[in-house]
Amino acid sequence: MNRTGKTLLLIGATSDIGRATGLVYAMAGWDLQLAGRNLEAVRREADDIGTRSGASVSVHHLDILDTSRFEDFCGALPTLPDTVVCVVGQLGEQQRAERELDHATQVLRTNFEGPALLLGLIAERFAKRGSGTIIGISSVAGDRGRGSNYVYGAAKAGLSAFLSGLRNRLASAGVRVLTVKPGFVRTRMTAAMKLPPLLTAEPGQVADAIFSASEMKKQREVIYVRGLWWPIMLAIRSIPEPIFKRLRL
Amino acid sequence: MSLQGWGRYRNYDSEVLECLLPRSVRTMVSSGAGLIARGNGRSYGDAAVGEITTLMCGGLSRMKAFDPGTGILTVEGGTLLSDILQAFIPRGYFPPVVPGTKFVTVGGMIAADVHGKNHHQVGGFGDHVTQLKLVVASGELVTCSRTENPELFLATIGGMGLTGVIVEASFKMRPIETGWILQKTTVAQDLGGALKVLQATDELTYSVAWIDCLATGKSMGRSLIFTGEHATREQVTSRMPQAKFFPATMEPKLSLPFDFPAWILNRASVSAFNEMYFRAGARKAGPPSLVHWNPYFFPLDGIHRWNRLYGKRGFLQHQCVVPEGNALAVLGEMLERFVRSGKGSFLAVLKKLGRGGGLISFPTSGYTLALDLPATADVFPLLEEIDKIVVHAGGRLYLAKDARQSRQTFEAGYPQLSAFKELRRVTGADRRFRSHLSTRLGI
């Protein structure tokens with residue numbers, strides 16, 4: 001298999017979307033840096049991806065809530081990657097987040113603060129080099145706050161806004177910034193939910209959409225993995241607030 | 001939850017536990033009883049349904065390491081063969097043995113000691129396993145090989161999951177120059193002819209016969225024998241200069257979206273199919289031609305969920321092996337019964353097997369005949385009659401296909417059964433690991 005000499009940094013490598021994304025890049029000839037909180041689990045994925053693809057894969061410890069370690073983390077990477085994908089996320093429980101400040105804090109920090117600060121830090125290094133692609137996994141839940149999951153949604157809205165700003169600022173510096181909104185994905189995170197088939201993607205489809213938007217069709221920068229989500233969210237965003245607030249969504 | 005085998009002829013009740021990490025298997029085993037590991041659910045009968053609990057091992061799907069020097073690949077037990085093919089064919093390696101479908105796990109291939117079209121040359125999959133990691137009845141993780149815990153190793157190969165849960169395995173891949181198979185089709189006009197061709201093609205890597213088990217009289221047992229070799233680069237270049245050495249995997253395009261009505265498969269329709277298939281094959285007979293590895297090894301994988309072909313009632317697969325000595329007479333007698341009953345199927349396969357591997361592995365020197373039959377009431381007594389012929393000839397049935405054989409048939413066919421049972425008793429596996437199959441057959 002042809003190796004490209006390019007490197008992907010994957011943050012949140014043990015999630016289903018992370019694993020699938022790592023495999024797609026490795027099979028396309030990229031080398032990988034996998035980061036995650038549980039080093040044993042990260043190593044399991046690294047061995048798997050390395051064995052399947054022949055890619056060289058390094059493992060790195062990273063806790064997305066431990067922002068004070070981010071500088072050291074970036075400094076310790078063997079090389080500055082060509083592309084970074086952050087798939088870290090936590091759905092949390094909305095009702096618990098309404099009652100427990102700790103839980104709400106964790107959902108906000110895991111989905112917004114951690115990913116935004118880390119990608120921001122890497123963006124500085126990419127800007128200095130004059131190249132790089134930054135890919136954040138946000139969510140359709142961030143397109144408009146809804147009563148059933150607005151804590152998670154607010155964090156994702158924050159991430160979407162952060163990525164949008166970053167894209168705007170770095171467009172002329174040779175750095176691309178992509179926002180990916182997977183919609184429903186069949187993963188461990190959603191294993192207990194009943195999901196509508198037309199709006200639900202497999203982890204492999206999310207991975208293909210990420211790779212394709214980043215490496216092949218380079219015109220789009222905000223990606224809905226299942227296209228049907230775009231008109232749906234457009235409609236949801238266009239409902240006037242006096243009506244919207246009475247809906248149970 | 002209700003589980004089925006691939007033949008779908010019966011529902012079995014079993015509680016289901018998902019294994020996501022190799023280490024979680026240890027806790028599940030030590031806190032459970034009456035359990036069995038299930039891979040991708042491709043055994044036909046009740047082998048992969050726990051008497052009380054079924055451990056779903058599809059999540060143990062990570063590859064661990066590959067050494068290009070020795071060709072040894074190490075993977076978790078739930079790794080799919082299709083994943084291995086996808087990752088390694090483009091790099092010039094092929095599994096030592098593949099069964100008739102690629103949608104099986106490595107753990108399942110070892111537990112059934114699956115055989116391929118090359119069994120007469122290289123033995124079963126188990127013969128190429130260099131090491132296993134097994135969670136045994138105590139919940140301990142035990143490493144075993146031909147030199148380390150060899151009794152446990154040989155009982156686990158072909159042991160239908162009844163010694164423990166295979167969480168990791170190492171086996172030797174073989175180098176290939178291309179992803180093409182140089183296939184040759186030979187026509188045999190009757191059973192004797194088919195056995196002669198299989199005998200004569202002993203030197204070739206792959207050989208298998210499709211047998212028309214509805215043909216009567218002089219044509220009884222008429223067959224197409226497909227032999228094959230991994231094609232070299234030179235053979236590919238000289239025949240198809242434009243072809244890629246490693247063609248992309250073609251995925252199933254056809255799918256059976258629903259159960260076929262039962263009347264579609266009847267004597268007339270199957271007979272017509274067989275006639276057509278035989279003639280088409282006979283036209284292709286002659287000089288060898290190049291075939292993509294996927295349709296060559298896994299023709300049925302091209303039809304997603306083909307097990308719905310037999311409708312809601314499901315189907316039974318009968319696969320036996322009989323010793324070489326009087327194979328012609330024995331297989332002839334069996335074919336005659338099938339022909340007379342009109343129950344013959346269009347998926348009948350005849351193949352020569354070599355020596356066996358594990359303690360209760362199915363393969364043993366002789367000829368194996370496999371065919372599908374709808375699970376209708378009149379098929380059961382017919383198969384009882386066939387089993388008598390098998391037992392009388394000193395043969396046995398394949399446990400991975402079985403859903404219905406009697407204890408007597410089973411016990412007669414597996415002479416090392418008592419040693420296997422003793423090992424189960426000593427290790428405590430007899431209480432911990434029990435499938436519907438092991439209970440039915442008293443293993």
Side-chain angles (χ1 to χ4, degrees), chain A residues 1-4 10 12-32 34 36-59 185-194 197-198 202-205 207-208 211, chain B residues 16-26 56 58-93 95 105-106 133 141 167-173 175 179 244-249 251 257:
Chain A
M1 213 166 287
N2 295 329
R3 311 308 311 171
T4 59
L10 184 59
T14 59
S15 71
D16 293 317
I17 296 177
R19 172 175 191 239
T21 304
L23 259 174
V24 167
Y25 275 83
M27 286 297 190
W30 290 54
D31 287 331
L32 261 50
L34 302 189
R37 187 180 43 182
N38 176 346
L39 213 50
E40 190 195 335
V42 177
R43 222 166 256 136
R44 181 170 175 244
E45 303 306 344
D47 288 345
D48 181 51
I49 294 173
T51 304
R52 283 172 195 254
S53 62
S56 102
V57 185
S58 58
V59 299
V185 186
R186 214 172 295 287
T187 65
R188 274 170 285 159
M189 191 167 98
T190 58
M193 296 161 68
K194 207 165 159 50
L198 277 178
E202 296 296 324
Q205 291 176 309
D208 287 338
F211 186 79
Chain B
V16 161
L17 286 178
E18 281 298 333
C19 305
L20 292 175
L21 290 170
R23 73 154 85 170
S24 59
V25 175
R26 300 183 57 182
M56 310 299 269
L60 308 178
S61 59
R62 307 304 194 268
M63 300 193 191
K64 307 276 292 181
F66 178 65
D67 180 346
T70 59
I72 290 179
L73 174 64
T74 302
V75 301
E76 290 178 3
T79 305
L80 284 174
L81 176 61
S82 55
D83 278 15
I84 294 172
L85 295 165
Q86 195 193 0
F88 284 94
I89 289 178
R91 287 154 79 186
Y93 293 92
T105 63
V106 167
K133 285 190 183 168
L141 184 69
V167 293
E168 194 183 301
S170 303
F171 52 92
K172 212 168 158 168
M173 302 281 282
K244 286 186 180 163
F245 289 139
F246 295 105
T249 315
E251 284 310 324

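Throughout, a chain's letter reflects where its sequence line sits, starting with A, and its residues are numbered from 1. None of these values were measured; they are calculated from a predicted model.
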Looking only at heavy atoms, what is the nearest atom pair of Arg44(A) and Leu21(B), with distance? NH1-CD2, 3.4 Å

Side chain, backbone, both or neither: which part of Arg19(A) has a heavy atom under 4.5 Å from chain B? side chain

Under 4.5 Å heavy-atom distance to chain A, tell me which part of Phe246(B) shows up: side chain, backbone, both or neither. neither

Leu73(B) portion near chain A, given a 4.5 angstrom heavy-atom threshold: side chain

Basic-acidic side-chain contact under 4.0 Å: Arg62(B), Asp47(A): no

On a heavy-atom basis, which atom in Thr51(A) and which in Phe88(B) lie closest, and how many Å separate them? O-CZ, 3.4 Å

Go through the atoms of Glu76(B) and report whether side chain, backbone, both or neither lie under 4.5 Å from a heavy atom of chain A. side chain

Any side-chain to backbone donor/acceptor pair from Arg91(B) onto Arg52(A)? Under 3.5 Å, distance only. yes

